[in-house]
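Below you'll find the structure, written out as structure tokens, and then a few comments.
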Protein chains: 2
Amino acid sequence: MKGSSATVGQLERFLRSRGLRLTRCRKLAVEAVEACGAHFGIEDLKAAARAKGLRVHRATLYRTVPLLVEAGILRKVSASGGDRGEYEKGLGRGHHDHLLCLRCGRSIEVSSVAMEREQARLCARHGFLAVDHQLRIRGYCADCRSDGQPGDAARRPGRESAVIVAGRR
Amino acid sequence: MKGSSATVGQLERFLRSRGLRLTRCRKLAVEAVEACGAHFGIEDLKAAARAKGLRVHRATLYRTVPLLVEAGILRKVSASGGDRGEYEKGLGRGHHDHLLCLRCGRSIEVSSVAMEREQARLCARHGFLAVDHQLRIRGYCADCRSDGQPGDAARRPGRESAVIVAGRR
DNA sequence: GCTAGAAATGCGACAAAGTCGCAATTAGGC
DNA sequence: GCCTAATTGCGACTTTGTCGCATTTCTAGC
Ligand SMILES: [Zn+2]
Ligand SMILES: [Zn+2]
Ligand SMILES: [Zn+2]
Ligand SMILES: [Zn+2]
């Protein structure tokens with residue numbers, strides 16, 4: 001995995017541009033991100049760090065993570081219900097939205113050009129300048145909707161990308 | 001305002017259908033909702049109740065609000081960043097999405113048929129059965145985007161409905 | 001109207017998530 | 001290597017949300 005070092009580079013560039021320092025803890029944070037799943041919270045980062053025998057204080061991570069977001073390395077999402085703050089890697093991967101299954105808890109990452117276009121149109125109509133957006137659709141995934149119309153489980157995604165993420169902590 | 005009593009009726013019907021009771025506290029909750037702004041948290045409800053000289057315990061409200069959601073009287077939203085749980089009235093008003101201004105904090109409620117249609121299409125492609133969804137677009141409202149392209153402040157919404165909500169607690 | 005049983009409430013203790021000020025440490029330019 | 005400002009760890013604190021239990025309050029049946 002060389003993803004980590006590339007990310008550190010990204011972080012360093014960002015920090016430089018802001019007159020901030022590339023510290024042990026900040027490097028550690030991006031490494032911890034690599035060790036986490038698709039969606040994670042700040043406490044997960046702390047756990048990942050400790051698993052490597054490195055210690056960081058919660059408060060420090062709470063200060064660091066917003067920087068990673070600003071640097072474009074992380075993205076804040078509310079993929080699941082939205083209780084705890086959740087993040088995901090935001091570097092390199094294009095923007096995507098989430099389909100959250102209420103039964104199996106899986107989170108399916110999707111993206112749709114048509115959708116983005118429609119959002120842009122909506123903003124334009126309101127004279128609104130969009131910076132980012134988040135769409136979460138809750139419902140039942142193909143595997144789980146068997147209650148209701150059974151036999152639908154084998155759908156294939158069309159030309160959209162779809163990443164199924166392990167869900168349910 | 002007779003909205004309240006209509007809402008109580010809605011609640012009563014729901015509770016009946018579930019063998020639950022229409023209690024003092026539950027009525028109080030829907031009244032507190034009326035007294036709250038467009039978006040509010042459970043603690044706001046408690047405050048609203050206390051302002052009327054009525055006391056409810058936090059725990060009770062935490063138990064009551066999910067019922068109001070199930071009854072269709074409230075909707076859980078993450079209109080602002082998403083730290084505390086937020087709710088809004090969900091009765092009578094059609095579904096809408098939120099444009100959140102990063103500068104003035106206003107939350108603009110919008111709805112777009114084209115958008116909903118696109119979402120339906122997206123779900124269909126993934127064999128996903130949608131139950132509900134939430135879209136939040138962050139950026140700068142017409143009044144605030146003056147940084148950048150000044151002079152845009154007087155945009156008129158097109159044929160979309162738009163409700164501007166007081167924002168910024 | 002009275003009573004038994006179920007449901008709802010208040011209470012308080014708790015857990016998790018997040019924030020803050022401050023003293024000790026460290027990165028990085030010189 | 002030194003100096004200074006930035007960063008960290010710490011711990012105390014707030015906010016948000018949950019839980020079990022004793023008490024109160026509905027409701028249905030008598
Ligand atoms: Zn599922
Ligand atoms: Zn995702
Ligand atoms: Zn604004
Ligand atoms: Zn709203």
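Model, not experiment: these values are computed from the prediction.
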Between B/Ala59 and B/Leu20, which residue's closest nucleotide on DNA chain C lies nearer the 5′ terminus? B/Leu20
D/dC26 phosphate, OP1 or OP2: any side-chain N/O from B/Arg26 under 4.0 angstrom? no
Value for OG1 (A/Thr60) from CZ (A/Arg55), rounded to nearest 0.5 Å, stands at 13.0 Å
Would you indicate what A/Leu22 reaches in the nucleic acid, counting non-hydrogen atoms under 4.0 angstrom: base, sugar-phosphate, or nothing? sugar-phosphate
A/His98-A/Gln134 side chain donor-acceptor pair, cut-off 3.5 Å: no
Figure out the CZ/P separation between A/Arg63 and C/dG18, and round it to whole Å. 15 Å
C/dA8 OP1/OP2 closer than 4.0 Å to side-chain N/O of B/Arg21: no
Spacing between B/Tyr62 atom OH and C/dC14 atom C1', to the nearest angstrom: 14 Å
Roughly how far, to the nearest 0.5 Å, is CD of B/Gln119 from CG of A/Leu99? 10.0 Å
To the side chain of B/Val56, which of C/dG29, C/dG10, D/dT8 is closest? C/dG10
Whole angstrom is fine here: how far is it from CG in A/Leu15 over to C1' in D/dT7? 12 Å
Length of the CG-C1' vector between A/Leu54 and D/dG9, whole Å: 15 Å
Assess whether one donor atom and one acceptor atom, taken from the side chain of A/Arg84 and the base of D/dG17, lie less than 3.5 Å apart. no
Which atom of A/Arg138 lies closest to which atom of B/Phe128, heavy atoms considered: C-CE2, 3.9 Å
To the nearest angstrom, the NE2-P distance between A/His57 and C/dG18 comes to 14 Å
Compare side-chain N and O positions of B/Thr23 against OP1 and OP2 of C/dT9 and report whether any pair is under 4.0 Å apart. yes
Looking at A/Asp143 and A/Arg106, does any basic side-chain N land under 4.0 Å from a carboxylate oxygen? yes
Using atom CD of B/Glu43 as one end and atom P of D/dG17 as the other, report the distance to the nearest whole Å. 8 Å
How many Å lie between NZ on B/Lys76 and C1' on D/dT16, as a whole number? 11 Å
Is a donor-acceptor contact shorter than 3.5 angstrom present between the side chain of B/Arg58 and the base of D/dG17? yes
How many Å lie between CZ on B/Arg55 and P on C/dG12, as a whole number? 13 Å
So does A/Thr60 get a side-chain nitrogen or oxygen closer than 4.0 Å to the phosphate oxygens (OP1/OP2) of D/dT7? no
